[in-house]
Amino acid sequence: MPTTRTGAGAAAGNDASAAATGAGKRRLVGVDAARGLALIGMISIHIMPSWDPVSFEPTAQWTVFAGRSAALFALLAGVGLAFSTGGRTPHTGRTMTADRVGVVVRAVLIAGLGLAINEVIPGDTIDEVPAVNILVYYGVYFLLAIPFLSLSGRALFAWAGFFALAGPVLMHVLRETLPGFERHNPVLGDLLTAPAATAAQLLLTGTFPALPYLAYLLAGLAIGRLDLGQAQVQARLVVGGVVLAAAAWVVSWVLIQQAGGFEQLVARTPGLDEELVNDIIVWGPEPALPTTTWWWLAVAGPYTNTPMALLLGLGSATAVLGLFLLLARGAGRWLLPLSAMGSMTLTVYSAHLLGLSAEVHYDQPVWFLIHVGVALVFALLWRLAFGQGPLERVVAGIVRAARRLVLGRQPRT
């Protein structure tokens with residue numbers, strides 16, 4: 001199994017942090033700190049070994065962060081979209097139109113940055129690339145979220161549940177008929193020469209497919225419509241997230257380990273013995289989950305993007321967000337290093353990917369400390385001196401200009 005599996009990251013709605021005042025600042029400290037933890041988790045997945053060289057068991061960091069960092073980032077992307085489109089009361093009229101235009105602009109900018117970075121990331125296959133860049137996927141997430149921006153929290157939760165089920169089913173049904181992709185990190189040339197394969201990769205067949213991941217984004221958008229400043233709401237996020245994650249894990253365990261699912265996976269998947277099936281459950285598919293039996297949708301392993309995996313990731317991400325919101329009530333100052341990183345994940349994540357592209361990190365865990373240490377120091381100093389991160393500042397400025405073109409001199413609603 002590879003020691004660097006895949007990546008997550010990006011700043012979705014980080015620019016909303018700059019607009020917070022008063023009690024909202026405390027709320028955003030918790031959100032940014034959660035995003036900072038997800039970033040550290042992603043860096044660990046890219047650099048640290050995924051298994052113990054003696055026992056060959058998964059390492060602690062793999063068990064904790066594999067797949068869950070991406071889930072947390074996507075959930076927080078939805079929270080950021082909620083903050084920037086009205087918070088508890090979604091904008092209406094021309095203001096919402098301006099919001100949608102701003103989301104389109106943000107999506108294009110982030111996806112364009114991701115495509116540019118992919119040009120320098122070495123390798124094509126999952127075993128060759130140092131990380132799978134999520135930025136291009138993020139651009140698609142934002143575009144797909146546009147029709148949902150004005151919905152109520154209850155409707156958003158319902159749609160999140162729909163995509164948690166429908167996305168994996170579509171992946172299972174269509175994977176064998178959709179065109180395959182050659183590069184795990186698509187570049188601009190792929191959009192021009194193989195548009196169908198690239199679209200299929202970004203929507204359904206890639207590492208972070210947009211249709212299943214809408215479950216995270218829309219749930220985050222719904223959470224962002226709640227009164228996140230209330231301790232009761234924060235506690236409910238923790239409890240509800242833990243219950244959801246535990247329930248997803250138990251259901252998967254019962255189906256696979258107790259109800260004969262594991263035996264069905266082995267019997268109905270040619271070329272896979274018990275050890276290889278177990279590897280997929282523990283470390284994820286390479287490159288894609290088999291479609292030989294519907295039993296595959298019952299596994300909950302990282303990067304499998306099944307209903308159980310999505311619900312497990314959604315519950316974990318929700319609980320982490322609620323926990324950091326609670327911690328920010330009395331320990332916000334102590335969270336500053338994490339929240340500083342989390343407030344500029346687009347900048348830090350992009351720099352991290354460029355650093356990985358030098359390919360000097362393999363089998364050297366010290367590089368994890370270097371990447372995290374540099375990120376922490378840079379983010380903290382920049383935050384104290386300038387506020388918004390450099391790339392976040394650029395994106396936010398362009399988005400504001402686009403919104404002004406739509407709003408003109410009309411008052412906000």
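In this structure a side-chain-to-backbone donor-acceptor pair under 3.5 Å is missing from D190 to N185. No donor-acceptor pair under 3.5 Å is formed between the side chain of T304 and the backbone N or O of G284. Judged by distance alone, with hydrogens and angles left aside, the side-chain atoms of S84 form a donor-acceptor pair with the main-chain N or O of L81 at under 3.5 Å. Under the 3.5 Å distance criterion, the side-chain polar atoms of R404 are left unmatched by any main-chain donor or acceptor of A98. The backbone N or O of A248 lies less than 3.5 Å from no partner atom in the side chain of S252, so there is not a single donor-acceptor pair. In terms of modelled atom types and a separation under 3.5 Å, the side chain of R88 and the main chain of L228 share no donor-acceptor contact. Formation of a donor-acceptor pair under 3.5 Å by the R175 side chain with backbone atoms of L289 is found in this model. Of the possible donor and acceptor atoms, one in the side chain of T193 sits under 3.5 Å from a partner among the backbone N and O of G189. Side chain of R35 to backbone of L338: no donor-acceptor contact under 3.5 angstrom is found.
Between the side chains of R225 and T85, at least one donor N or O lies within less than 3.5 Å of an accepting N or O. The closest side-chain donor-acceptor pair between T347 and E392 falls under 3.5 angstrom. Under 3.5 Å, the side chains of T269 and W296 contain a donor-acceptor pair of N or O atoms. Side-chain atoms of D227 and Q230 include a donor-acceptor pair closer than 3.5 Å.
The line from NE2 of H371 to CG of L353 is 10.0 Å long, rounded to the nearest 0.5 Å. Once rounded to the nearest 0.5 Å, the distance linking CG of L244 with OG of S316 reads 8.5 Å. Q201 contributes atom CD, which lies 7.5 Å from atom NE2 of H184 (distance to the nearest 0.5 angstrom). Once rounded to the nearest 0.5 Å, the distance linking CG of L323 with CG of L237 reads 11.0 Å. Rounding to the nearest 0.5 Å gives a distance of 12.0 Å between CZ of R94 and CZ of R403. In this structure, CD1 on I280 lies 15.5 Å from OH on Y303, to the nearest 0.5 angstrom.
Across all non-hydrogen atoms, the minimal contact from H91 to M96 is O-CE, 3.2 Å. Minimum heavy-atom separation, T63 to R68: O-NH1, 2.5 Å. When all heavy atoms are compared, the tightest approach of S44 to Q61 is OG-OE1, 3.1 Å. When all heavy atoms of G139 and A107 are compared, the closest pair comes out as O-CB, 3.3 Å. Smallest separation of non-hydrogen atoms from G180 and A197: O-CB, 3.3 Å. Considering all non-hydrogen atoms of both residues, P365 and M48 come closest at CB-SD, 3.6 Å.
By the 4.5 Å heavy-atom criterion applied to side chains, R383 and M344 are counted as neighbours. Residues F65 and L37 meet the side-chain proximity criterion, which asks for heavy atoms closer than 4.5 Å. Looking at F324 and V31, their side chains never come closer than 4.5 Å, going by heavy atoms from C-beta outward. Side-chain contact check for L314 versus L310: every heavy-atom pair is 4.5 Å or farther apart. Between L321 and V79, the closest side-chain pair of non-hydrogen atoms falls below 4.5 Å. Residues L203 and L144 have side chains in contact (heavy-atom distance under 4.5 Å, counting atoms from C-beta outward). Proximity of W283 to W51: side-chain heavy atoms (C-beta onward) are separated by under 4.5 Å at one or more points. The shortest side-chain heavy-atom distance between L346 and S350 falls under the 4.5 Å cut-off.
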Could you go step by step and tell me if W382 and Q388 meet the side chain to side chain contact (heavy atoms under 4.5 Å, CB included) rule? CA-CA 8 Å; W382 184 281; Q388 236 177 341; 5.8 Å; no
Determine, step by step, whether Y349 and I43 satisfy the side chain to side chain contact (heavy atoms under 4.5 Å, CB included) criterion, reporting the C-alpha distance in whole Å, the side-chain angles of both residues, the deciding distance to 0.1 Å, and the verdict. CA-CA 9 Å; Y349 180 70; I43 295 174; over 6 Å; no
Before giving the answer on side chain to side chain contact (heavy atoms under 4.5 Å, CB included), spell out for L272 and L265 the whole-Å C-alpha distance, their side-chain angles and the decisive distance to 0.1 Å. CA-CA 8 Å; L272 294 184; L265 295 178; over 6 Å; no
Side chain to side chain contact (heavy atoms under 4.5 Å, CB included) between Y138 and F208: does it pass, once the steps are laid out? CA-CA 9 Å; Y138 258 56; F208 308 110; over 6 Å; no
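Ring orientation note: the planes of W253 and W249 are close to parallel, at an angle under 30° on the 30°/60° scale.
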Can you list, pair by pair, the side-chain donor-acceptor contacts under 3.5 Å of residues 110-119, counting residues two or more places apart and other chains?
unit_1 : atom_1 : unit_2 : atom_2 : d
N118   : OD1    : N133   : ND2    : 3.0
N118   : ND2    : G114   : O      : 3.4
N118   : ND2    : P186   : O      : 2.6

Extract all donor-acceptor atom pairs below 3.5 Å that involve side chains of residues 210-223 and protein atoms in other chains or at least two apart in sequence.
none

Could you go through residues 145-174 and list every donor-acceptor pair under 3.5 Å that involves a side-chain atom there, pairing it with any protein atom two or more places apart or in another chain?
unit_1 : atom_1 : unit_2 : atom_2 : d
S150   : OG     : R100   : NH2    : 3.3
S152   : OG     : A155   : N      : 3.3

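The 12-atom threshold is not exceeded at CD of E182, counting heavy atoms of other residues, nucleotides or ligands nearer than 6.0 Å. Crowding of W294 atom CH2: a count of heavy atoms from other residues, nucleotides or ligands under 6.0 Å exceeding 12.
For S339, the side-chain contact (heavy atoms from CB on, under 4.5 Å) partners are V29, D32, A33, L336, not counting sequence neighbours. With sequence neighbours excluded, no residue forms a ring pair (Phe, Tyr, Trp, His ring centres under 6.0 Å) with W295. S357 pairs by the side-chain contact (heavy atoms from CB on, under 4.5 Å) definition with V120, I121, P122, not counting sequence neighbours.
Test L356, V372, I47 against W367 for side chain to side chain contact (heavy atoms under 4.5 Å, CB included) and you get one pass: I47.
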